[in-house]
Protein chains: 2
Amino acid sequence: MSEPAIAVLPCLCANLRRASRALTHLYDKSLRPLGLQATQFTVLQALSLTGEIPQKGLGRILSMDSTTLTRTLEILLRNGWIAIRRGRDRRERLLRLSWAGEAQLKRAVPRWEKVQARLRRKFGMDGWDNLLKLTNEVTKVATE
Amino acid sequence: MSEPAIAVLPCLCANLRRASRALTHLYDKSLRPLGLQATQFTVLQALSLTGEIPQKGLGRILSMDSTTLTRTLEILLRNGWIAIRRGRDRRERLLRLSWAGEAQLKRAVPRWEKVQARLRRKFGMDGWDNLLKLTNEVTKVATE
DNA sequence: CCCTTAAACATGTATATACATCTATCTAGG
DNA sequence: CCTAGATAGATGTATATACATGTTTAAGGG
């Protein structure tokens, strides 16, 4: 009986990581039929928003180490969802969605929307906005 | 110049994961001299709070898959920070802090406190409480 | 033009994370 | 007691994540 309800942990990091795990589970489940993980979806969506962008730049937007991105991009490339070319600065790799990547993203968006809508309903508009604002604030503060 | 400021991403999951990465970076940096990662610290602290507990139970508290925990516990065990014994139910593993684990936690707490205090200052009491409350809410909602 | 320094990315390694599958054990019926 | 189903963990595999280090290219100073 009385399973110990989820309680606030004293550590902000632990709380956030836990929420991140739980939330990722939802998104992953929804995207699984497409063979997409949440992180991969995020990269595709980000590329769709930015257009062609160097790896470093994408890393900054996602607060993700560029070498971490290398591994994820490898998967996206293997699936044909992105295209990469050298920039004028030959050290840079310029990333963009491929045609197949746009198609995959288009397939994924409705599922993603459903999860988003369900959560927005659960939190209410205010809670939702607050959540986006606060987590964004965390990123800013932690990035300084 | 004008580095594109961190902007809110349309995806809650992406936002939360990004905040999680950024925040973890802070905690990791602070704990690195002790050879502790944020996740490992979280487990030690949780065990300190719960006392002896089966792996499954700890997984529930942390919203972490029990098999994921197996890998982290392996590291903690290798370092001598936890002790494990079979429960009356022979399938269960009962986890607890070892003496060395309590010592390690004791060394880590002041560093952890410093990061927590700095963040609490940046967010203000209200922002801080709100953050804990909302992320906890996310875990609950996503766990249902 | 050469050299030093720095930046962008690749690679090796370790940890974090979860799922599918397997084994051992428990529980409930019969 | 025996068996069928369920549960706790272990293990194999794949991805997510970052750091240390190495390579290539760029940028600046002599």
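Note on naming: letters A, B, ... go to the chains in the order of the sequence lines (proteins, then strands), and numbering restarts at 1 for each one. Heavy-atom basis, side chains included; hydrogens, waters and symmetry copies ignored.
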Please report the interatomic distance CG(A/Leu12) to CG(B/Leu23), rounded to the nearest 0.5 Å.
5.0 Å

Residues in side-chain hydrogen bond (donor to acceptor under 3.5 Å, both in side chains) with A/Asn136, at least two apart?
B/Arg18

Would you give me the side-chain donor-acceptor pairs under 3.5 Å for residues 117-135 of chain B, sequence neighbours excluded?
residue: B/Lys122; atom: NZ; partner: A/Glu144; partner atom: OE1; Å: 2.7
residue: B/Thr135; atom: OG1; partner: B/Leu131; partner atom: O; Å: 2.8
residue: B/Thr135; atom: OG1; partner: B/Leu132; partner atom: O; Å: 3.1

Applying side-chain hydrogen bond (donor to acceptor under 3.5 Å, both in side chains), name anything that partners A/Gln45, two or more places apart in sequence or on another chain.
none

Who pairs with A/Ser66 by side-chain hydrogen bond (donor to acceptor under 3.5 Å, both in side chains), at least two apart in sequence or on another chain?
A/Gln55

Between A/Arg71 and B/Thr67, which has a closest nucleotide on DNA chain C that is more 5'?
A/Arg71

Would you find a donor on one side and an acceptor on the other, under 3.5 Å apart, between the side chain of A/Arg111 and the backbone of A/Tyr27?
no

Sugar-phosphate, base or nothing in reach of B/Thr24, heavy atoms under 4.0 Å:
nothing

To the nearest 0.5 Å, tell me how far A/Thr139 OG1 sits from A/Ile61 CD1.
13.0 Å

Return the set of residues passing salt bridge (charged side-chain N to carboxylate O under 4.0 Å, His left out) with B/Asp65 (not counting sequence neighbours), or none when no residue passes.
none

By side-chain hydrogen bond (donor to acceptor under 3.5 Å, both in side chains) - contacts of B/Thr39 (at least two apart):
A/Arg17

d(B/Leu47 CG, B/Leu76 CG) to nearest 0.5 Å is 8.0 Å

Pairing residues for B/Arg90 by the salt bridge (charged side-chain N to carboxylate O under 4.0 Å, His left out) criterion, not counting sequence neighbours
none

At a heavy-atom distance below 4.0 Å, what parts of residues 12-23 of chain A sit against DNA chain C?
A/Arg17, A/Arg21

Please list, by residue number, the residues of residues 31-47 of chain B whose heavy atoms come closer than 4.0 Å to an atom of DNA chain D; answer none if no residue qualifies.
B/Arg32

Base, sugar-phosphate alone, or nothing: which one does B/Leu69 contact when heavy atoms must sit under 4.0 Å apart?
nothing

Does A/Ser30 reach the main-chain N or O of A/Val115 with its side chain, forming a donor-acceptor pair under 3.5 Å?
no

Got a sec, which pairs hit side chain to side chain donor-acceptor pair (under 3.5 Å) with one end in residues 72-87 of chain A, sequence neighbours left out?
A/Glu52-A/Arg85

Of all nucleotides in DNA chain D with an atom under 4.0 Å from a non-hydrogen atom of chain B, which is the first and which the last going 5' to 3'?
D/dA6 to D/dC19

Among residues 82-114 of chain A, which contact DNA chain C at a heavy-atom distance under 4.0 Å?
A/Arg91, A/Glu92, A/Arg93

